[in-house]
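What follows is a set of notes on a single structure, which appears directly below.
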Amino acid sequence: MKRAIKTEEAAEMIPDGAVLLIGGFMGVGSPHRMIDAIVARGTKELTIVANDTALPGHGIGKLISCGAVSRVIASHIGLNPETQDKMMSAEIEVELVPQGTLVERIRAGGMGLGGVLTATGLGTPVEEGKQIVETGGKRYLLETPIRGDFALVAAQRADYVGNLEYSLTAHNFNPIMALAADTVIAEPQSVVPIGVIAPDAVKTPGVLVDHLLERAA
Amino acid sequence: MKRAIKTEEAAEMIPDGAVLLIGGFMGVGSPHRMIDAIVARGTKELTIVANDTALPGHGIGKLISCGAVSRVIASHIGLNPETQDKMMSAEIEVELVPQGTLVERIRAGGMGLGGVLTATGLGTPVEEGKQIVETGGKRYLLETPIRGDFALVAAQRADYVGNLEYSLTAHNFNPIMALAADTVIAEPQSVVPIGVIAPDAVKTPGVLVDHLLERAA
Amino acid sequence: MDAKEIIARRVALEIQPDTLVNLGIGLPSMVANYLPSDVQVFFQAENGVIGLGARPPEGMEDPNLTDAGGSFVTAVPGAASIDSAMSFGLIRGGHLDMTVLGGLQVDERGYLANWMVPGKMVPGMGGAMDLVAGARHVVVAMVHTAKGKPKIVPECSLPLTALRRVSLIVTEMAVIEPTGDGLVLREHGPGVTVDEIEAATEAKLITIGDVPEMALA
Amino acid sequence: MDAKEIIARRVALEIQPDTLVNLGIGLPSMVANYLPSDVQVFFQAENGVIGLGARPPEGMEDPNLTDAGGSFVTAVPGAASIDSAMSFGLIRGGHLDMTVLGGLQVDERGYLANWMVPGKMVPGMGGAMDLVAGARHVVVAMVHTAKGKPKIVPECSLPLTALRRVSLIVTEMAVIEPTGDGLVLREHGPGVTVDEIEAATEAKLITIGDVPEMALA
């Protein structure tokens, strides 16, 4: 059984320079309370692995705006001109990864696989510097696994085991990121007693979750 | 929207020599009605991809007993002495695959990946004849994708879109197999009107399901 | 009728009943407006719901239900929530029947460039590379020229999106099918002559017999 | 107390609170019976429920809720259903804290052979290779000798299960820890002398100071 902790308590666990996997797609399904707490604390030199950096002043965009981030691995930054500006001025190093490759690289990191063999990116700038593997008469890029020091995942509902449920398009990267970090911090909208979430409704088993935030205010 | 069809109608689609992915773990979560219909029809020379061959006279074991099968790809046949005998007498060709590798090979087949890079099987007979890929300073086996002509999956509940829910340990290989065949036949315990299964409860989206059997009698 | 409406109406005719279709943001998303009411289709957005519906009435939005552009949407009856791994598994695994995307350039090989302009626009590829590499049919929906400059060219000067010949190019001037022999001009736009199309196209176009005018939904 | 009970009671002491543990079928599954009541553990079976509970009362079995041996079980409050991909992702991804497996041979390198006897027994490896390659701690629970023949040998003559040094060997005669220097004899069984252990062991055993008697749960 887990104690639900305060957001500030969780944010204090994250040191400067940490690699964070952060769920969400343009802010939908992002752990907004954790992001606010990291901004408030002033953590620096973070590496953010996420689908995107949302918009300026929204979701992950807040971490970009406040200068907490030195490196981004994402599939899309086009809707956040601040990320693009900081990339151009070399304040933030950006690695752009095709979205499907990004999620599989994180899954590989979480599931103990050596990498991902995909045709996505062949013949494009994504191919540069990467190992090519031939199998079954076809060529594939070998994309390497990604893991985080922390995964910050947003969930609709949790129980005190840490079992998580997600809602609609707020699933996105969260269930996969919960597999792939040394420490997984879950930010649920609500927390219910053990037994309330039926086994078949669980999308992330509680054994993957290290820390559970209190329910949303 | 899909029409729910009779089991016999579905069994008639499966020609001699077909490659079948069949869900289940020792018969739990296997499509028992489909298996009975294939046995009754007398289909021959089937390749079965499944976790195991259950017990003689039970689940996939019925297909073994009646001589419908010429090839098996499975992780375990130890509880079915008939499969072992037919392997020894070369009536059935058996490829044994570690269970985690088997499920990932099927997933790779279903998700368009070039293969699976895994440490499982290194230094064992599983390694024989396989490509080794070095990445990140480690050695991995390259295990090739598996696809079926048909996937026969058992579900707890379906709607008429073909969305599927599974129950407890009857999930096992079913959700992954539903990704990896040219034709997917789902055998649900019950079928409910469209809209009854909430989007968040769907484990296999109906777009993956080609044919839906009538509810269990 | 403006150029975008012509394109959207023509692309709408390409959509087959009972298929899974991904519409890119911007112009491609307009296609849904012109779908014949008797054609049942599941729309997927890569951020994770199969069965996207129209924009909800004001005040009935769900913050957890948006399209890939971040706009509020609804879910049709029979919709299914999926995470990013399943979303891109469907895309790369060949389960997505059609994707409609915008384009910056398409060339005589049928290769598409639509994600970056070096030194200018580096938004990231998002899901575009996976979509083009993996979808069964890739339809490029774009205006024929950009500020008078041809976008259909002998060879893309911009970085490619994938090493894959797209299925069809639909502009307000023409419907063009890339083939092994080159770009075949299939239809001309309303009131547009073949000479005008050729003048606005840098790539060589193949015409076979009479070129009919495009029908519009 | 018979040999198996000694082994099961000793292994039970290895299990840490709040961990995820996989017990193999047969002797290893007995370990659950001797767990101190204040130690909360989630048991996982590779066929797919986290939080396996005891056998249900007669007449209250669920055909969709069994362990990896096919026996009926229950689910504890807070249990989670998972499919085979997630199950083995947990195993290979290092999320499984401990697995307890039977053994045919263990050698001085700490390598385990437990899945086949060439020419005799070819049941398939099931999940054993993934478990040994992937679990954080691998405990081999086996009787010390087979029909008087030592099972702890200089080098396995049977095919290996994985190229991985197991964490601990527990028999009715001894607790042995494989290390980089070789097999260290940590404890002796009730009423067994070090000489007797060495006589029943073909491999070289390292003893450091006095060897204490094993405690039993």
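Labels below follow one simple rule: chain letters A, B, ... track the order of the sequence lines, proteins then strands, and each chain is numbered from 1. Side-chain atoms are counted along with the backbone in the values below, which use heavy atoms only and exclude waters and symmetry mates.
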Val202(B) and Ser81(C), any side-chain heavy atoms less than 4.5 Å apart: no
Contact check, side chains of Pro205(B) and Met86(C), non-hydrogen atoms, under 4.5 Å: yes
Residues from residues 164-198 of chain B approaching chain C under 4.5 Å (heavy atoms): Leu179(B), Ile194(B), Gly195(B)
Close approach to chain B in residues 150-186 of chain C, criterion heavy atom under 4.5 Å: none
Within 6.0 angstrom of Lys138(B) NZ, more than 12 heavy atoms from elsewhere: no
Interface residues of residues 8-31 of chain C facing chain B - non-hydrogen atoms under 4.5 Å apart: Asp18(C), Leu20(C)
Heavy atoms from other residues, nucleotides or ligands near CD of Glu213(C) exceed 12 (cutoff 6.0 Å): yes
Which portion of Leu90(C) sits near chain B, non-hydrogen atoms under 4.5 angstrom: side chain
Exceeds 12 heavy-atom contacts within 6.0 angstrom, atom CE of Met1(C): yes
Euclidean distance, Thr204(B) OG1 relative to Ile82(C) CD1, rounded to 0.5 Å: 11.5 Å
Closest heavy-atom pair and its distance - Asn163(B), Ala79(C): ND2-O, 4.1 Å
Side chain / backbone / both / neither for Ala85(C) at chain B, heavy atoms under 4.5 Å: both
Residues from residues 13-33 of chain B approaching chain C under 4.5 Å (heavy atoms): none
Chain C contact via Lys2(B) - which portion, at a heavy-atom distance below 4.5 Å: neither
Over 12 non-hydrogen atoms of neighbours within 6.0 angstrom of NZ in Lys6(B): no
Evaluation steps, side chain to side chain contact (heavy atoms under 4.5 Å, CB included), between Leu208(B) and His95(C): CA-CA 7 Å; Leu208(B) 291 170; His95(C) 305 284; 3.3 Å; yes
Under 4.5 Å from any heavy atom of chain C - which part of Val161(B): side chain
Closest non-hydrogen atom pair, Arg92(C) against Met111(B): CB-O, 3.5 Å
Contacting region of Asp200(B) [heavy-atom separation from chain C under 4.5 Å]: both
